[in-house]
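Heavy-atom basis, side chains included; hydrogens, waters and symmetry copies ignored.
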Amino acid sequence: MIPVFDFDRFLMGFSLGVHIILAVIGIALPVIIVTAEITGIKKRDQYYTRIAKRLTTMLIVLFAVGTASGTLVALELLVLWPKFMVLVGHVAILPLYIEVFAFFLEAVFLGIYVYSWDKFENRYMHALTGAFVALGAVLSAVFITMLNAFMNTPTGFNITEYIKTGVIADVQPLAVLATPSTLIEVAHVVSTSYFAGGFIFILYFAYGMLKSTGDERLHYRKGLNIAFGLTFIATFFAVITGILSISGLYSFQPEKYAALELDIYPQTHAPEILGGFYSNGTIKGVIAYIPNLQSILATGTANGSVPGLSSFPKSTWPPLIVHFMFDTMVLLGFCFGLLMLVIFIMLILKMHPFDKSWVLKLLIVAAVLAVFLLELGWATDEIGRQPWIIYNVLLVSQAANTSPSIIPLAIFFAAFYMVIIPFTVLVIKKLLKNRSISSERV
């Protein structure tokens, strides 16, 4: 029989996996809308204004669904992980409180933005209200990420006393806002959110170009320019912050670092291992070793020492499948960087890549892989912290609600997501289908 806490883990992972997609759309979409509106004002181009207005309709629906999803995730945290929430409530609740104000900022200015298109004499002031929507959306991600950083590098209370006696003492509530891993985690989450959210709208505009002609095709073409610009910038920062994130693990979470790199023993002059798996005390199936590269990336020198899993109790080793997941992430990240660079060069050389159907089809495939990469990165981070829910403080098995009575409620949670996502897509499709692009009032 599957332990109830494993069921809890599956449900939480499923819910967060869906919610993350809604979240990155909600983060990227306001930026695309505001950019389109400002571009339309500056260039006196009605196409960009149409883009902003049509995407605003989409944003309203997605904001409502994302709010419902976020509420459900919060409820799941309370129901599925009671001991975790007790500790968070005493020590690390501040980011969640502040996130409520970020949500209010987004909600209030979304209402102003939607209902004030023709109310400002200075149209830039209307765009400014949209910028506050974008700010509220990204700040929500920032504050939620602060909680995740606390889970990876806990601070702000007497950890030794808590582990020994279960008593929460010496609480410093502001410490959760600046844990050792907060800055790099926030930077990486923000950049990858714009990366994945931008690619989702690259898919939307590229597909629209393939299926339309004339005036409609030009509409989607200009939207693709904006989505690509956002995603190109985000890709660059996502790669940089990703490299820094792995380097941070070397100091903050050595077990996770060793599992990602498949380092069984501490070593100097550590190579980068591509592929491979651990079996019966040895590493097998390695595709390639790159001499010294791991030590150079982790420590800055070829003779730098890296940690190994043998230095830790085997009961705290993360599942070593994270090495395969990590290698897949790196490969996909390299491919995305190369793709974006090639298209950027084509644009510089005026080769008009977005007018070529093979480029559009390639971008659609890339967008699907971008969402997969987002989910893979999140899963790698969370699985790599196992068996801890709060690193070196609280085990997943200790934090979980193990009462079988939660199973019916959990089934309802899962059913909600399986129904609401296709329903949301259908609603947006119907709303936009009934408003042709050429008839959009600007």
Side-chain angles (χ1 to χ4, degrees), residues 21 24-25 27-29 31-32 35-36 39 48 51 138 184-210 217 220-248 260 272 274-275 287-288 290 293-294 296-298 300 325-378 380-381:
I21 297 175
V24 299
I25 292 174
I27 291 169
L29 183 51
V31 175
I32 295 173
T35 303
T39 305
Y48 288 105
I51 290 168
V138 75
I184 187 59
E185 277 204 44
V186 166
H188 191 55
V189 165
V190 170
S191 58
T192 53
S193 295
Y194 285 125
F195 163 80
F199 253 115
I200 289 172
F201 286 96
I202 284 177
L203 184 154
Y204 169 72
F205 289 120
Y207 182 80
M209 282 190 69
L210 287 172
R217 182 178 173 84
Y220 289 115
R221 171 71 171 78
K222 296 195 175 189
L224 185 55
N225 288 341
I226 295 173
F228 179 83
L230 171 65
T231 309
F232 178 80
I233 296 169
T235 301
F236 173 79
F237 284 103
V239 170
I240 298 299
T241 56
I243 294 171
L244 294 175
S245 295
I246 299 303
S247 299
L260 294 179
E272 191 67 42
L274 303 181
I287 297 172
I290 304 177
L293 180 59
Q294 186 188 155
I296 293 171
L297 291 175
M325 298 167 70
F326 175 66
D327 278 358
T328 305
M329 283 172 51
V330 172
L331 175 62
L332 286 176
F334 174 80
C335 291
F336 274 110
L338 183 62
L339 172 65
M340 300 302 278
L341 181 61
V342 168
I343 294 178
F344 179 73
I345 292 172
M346 292 175 71
L347 288 169
I348 294 295
L349 297 177
K350 300 187 184 302
M351 296 173 65
H352 307 291
F354 300 147
D355 293 330
K356 305 178 190 301
S357 62
W358 67 268
V359 172
L360 298 177
K361 292 175 182 177
L362 182 61
L363 286 172
I364 289 172
V365 173
V368 175
L369 290 176
V371 175
F372 171 75
L373 180 57
L374 173 76
E375 299 282 10
L376 182 63
W378 167 76
T380 302
D381 176 63

Does Phe199 form a side chain to side chain contact (heavy atoms under 4.5 Å, CB included) with Phe195? I'd like the steps, not just the answer.
CA-CA 6 Å; Phe199 253 115; Phe195 163 80; 3.5 Å; yes

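- Between Phe372 atom CZ and Leu369 atom CG the span is 8.0 Å, to the nearest 0.5 Å.
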Check step by step if side chain to side chain contact (heavy atoms under 4.5 Å, CB included) holds for Ile343 and Phe232.
CA-CA 10 Å; Ile343 294 178; Phe232 178 80; over 6 Å; no

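- When all heavy atoms of Leu203 and Ile364 are compared, the closest pair comes out as CD1-O, 4.0 Å.
- With values rounded to the nearest 0.5 angstrom, Ile226 atom CD1 is found 6.0 Å from Thr35 atom OG1.
- In this structure, Val138 and Tyr194 have side chains that are in contact, with non-hydrogen atoms separated by less than 4.5 Å.
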Go through it in stages, so that I can follow the logic: the residues are Arg221 and Asp355, the test is side chain to side chain contact (heavy atoms under 4.5 Å, CB included), and I'd like the CA-CA distance, side-chain angles, deciding distance and then a yes or no.
CA-CA 8 Å; Arg221 171 71 171 78; Asp355 293 330; 3.5 Å; yes

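- Nearest heavy-atom pair, Ala366 versus Leu339, reported as atom, atom and distance to 0.1 Å: CB-CD2, 3.7 Å.
- In this structure, the side chains of Glu375 and Ile21 come closer than 4.5 Å at one or more pairs of heavy atoms.
- Note: Phe201 and Phe205 have tilted aromatic rings, judged against thresholds of 30 and 60 degrees for the angle between ring planes.
- Using cut-offs of 30° and 60° for the angle between ring planes, the Phe354 and Phe228 rings count as perpendicular.
- Shortest non-hydrogen contact noted between Ile202 and Leu363 is CG2-CB, 3.8 Å.
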Under the side chain to side chain contact (heavy atoms under 4.5 Å, CB included) rule, what do Val330 and Phe334 come out as? Steps first, then yes or no, please.
CA-CA 6 Å; Val330 172; Phe334 174 80; 5.6 Å; no

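- Scanning both residues, Ile51 and Ala36, for their nearest heavy atoms gives CG2-CB, 3.9 Å.
- Between Thr192 and Ala238, the closest heavy-atom pair is CG2-CB, 4.0 Å.
- Distance check: Ile32 CD1 to Leu230 CG gives 5.5 Å after rounding to the nearest 0.5 Å.
- Rounded to the nearest 0.5 angstrom, Thr39 OG1 and Asn225 CG are separated by 9.5 Å.
- Here the closest heavy-atom approach between residue Ala370 and residue Ala196 is recorded as O-CB, 4.4 Å.
- Separation of atoms CZ (Phe344) and OG1 (Thr235) is listed at 12.0 Å; rounding is to 0.5 Å.
- In this structure, the separation between CE on Met325 and OG1 on Thr380 is 3.5 Å, given to the nearest 0.5 Å.
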